Amino acid sequence: MQTISSLDIALLERARDLAVRLAEEAGVIQREAIQNGSAVHFKGEIDLVTDADIASEKLISSGILAEFPDHRLTGEEGAIGAESGDYRWLIDPIDGTTNFAHKQPHWAVSICLEYAGEPVMGVVYDVAKREMFTAIAGQGAFLNGVPIHVSAETQLKRALGSTGFSYDVHARAEAFALWEAFSWHAQAMRRDGAAALDMVWVACGRLDFYFEKPINNWDVSAGAIICREAGATVTRLDGEPYNINDEQIAASNGALHQQMVDLIRQTLHQ
Ligand code: IPD
Ligand code: CA
Ligand code: CA
């Protein structure tokens, strides 16, 4: 098995360029759908999927598999690729579907390429704002081609944070406790409704930290590599190393990480 440092950069650049093109093409579908409306279906009581999610995932997954037929692939709406292999794509065709269904201009296409459990290439496209966030392991993180970096804030009391809440309302008790604790101790908290954008906003310094549990890997894995490449620290909520199969993530500018993890631990008595 290759180590990450010896990965084929040419393959990762090809993968990034493909992901950027497919995210832009999905964005065309999504801008048209938000103008004209897109049928909404319910996956659960409050968990939505629109026709635009399904059409976007089909476009992205078929585009990837045409170029990388031997790669594994997991799409939120059910797309799958090869059965085995070290490379796996993780696709969230619309992260922020509830915003999208309510015509709020805050949602994204998220595409990650994982190698043996580690995110190595990520693209997050904020369709309404036309902001393309990209990263390849070891090569830095970019917003519309310009390098980005995390904030320099060192005090939790001056820090702007974000989180989100599971569609399973019965799994929200910890998240509500953390929301309250951080609302007391941070400068302010946001719940903007698109985890992929929360992650890349940490990467570019618009947020100082973000955490969420439970969360799926298609929501945050592209954001995780973009964050890391922008200088962020990315772990589990208890501060242990983030694994792509953990259903939780905590990202910060690094300077605030210990303060964030300490408050999470105190609140959850971990
Ligand atoms: C959701 C959003 C939301 C987060 C949820 C996710 P979806 O993804 O990222 O911000 O709080 O946990 O499931 O359903 O809009 O793709
Ligand atoms: Ca999502
Ligand atoms: Ca989604």
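It should be emphasised that the depicted structure is a prediction, and the values quoted were computed from it without experimental measurement. Just so you know, ligand 1 is whichever comes first in the structure, and atom 1 is the first atom listed for that ligand. These numbers come from the heavy atoms of this one structure, side chains and all, not from hydrogens, waters or symmetry mates. We're numbering straight along the sequence, starting at 1.
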Does a donor on one side chain and an acceptor on the other come within less than 3.5 Å for Arg72 and Ser84?
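No, because no side-chain N or O of Arg72 sits under 3.5 Å from a partner of the opposite role on Ser84.
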
Report yes or no: do Asn253 and Ser151 form a side-chain donor-acceptor pair below 3.5 Å?
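A donor-acceptor contact under 3.5 Å links the two side chains.
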
N, O or S atom of Glu77 closer to the Ca ion (ligand 3) than 3.0 Å
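No - counting backbone and side chain alike, Glu77 has no N, O or S atom under 3.0 Å.
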
Of all the atoms in Gly96, is at least one N, O or S atom closer to the Ca ion (ligand 3) than 3.0 Å?
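For Gly96, the answer is no, given that no N, O or S atom comes within less than 3.0 Å of the Ca ion (ligand 3).
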
Test of ring centre spacing under 6.0 Å for His106 and Trp201
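Ring centroids of His106 and Trp201 are less than 6.0 Å from each other.
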
Heavy-atom distance under 4.5 Å between the side chains of [X] and [Y], does that happen here?
X	Y	answer
Asp208	Val202	no
Val127	Phe100	no
Leu156	Leu263	yes

Give the name of the N/O/S atom in Asp95 that lies closest to the Ca ion (ligand 2).
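That would be atom OD1.
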
Restricting to pairs with a member in residues 202-237, which pass ring pair (Phe, Tyr, Trp, His ring centres under 6.0 Å), not counting sequence neighbours?
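Listed by first then second residue: Phe182-Phe209, Phe182-Phe211.
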
Tyr87 vs His71 aromatic rings, parallel, tilted or perpendicular, using cut-offs 30° and 60°?
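Parallel, since the angle between the ring planes stays under 30°.
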
N/O/S atom name from Glu76 that is nearest to the position of the Ca ion (ligand 3):
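Glu76's closest N, O or S atom to the Ca ion (ligand 3) is named OE1.
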
If you round to 10 degrees, what value do you get for the angle at the Ca ion (ligand 2) between Asp219 atom OD1 and Asp92 atom OD2?
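The two atoms subtend 100° at the Ca ion (ligand 2).
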
Write down, by chain and number, every protein residue that brings a non-hydrogen atom to less than 4.0 Å from an atom of ligand 1.
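Contacting ligand 1 under 4.0 Å are Glu76, Asp92, Ile94, Asp95, Gly96, Thr97, Gly164, Phe165, Tyr167, Arg191, Gly193, Ala194, Ala195, Glu212, Ile215, Asp219.
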
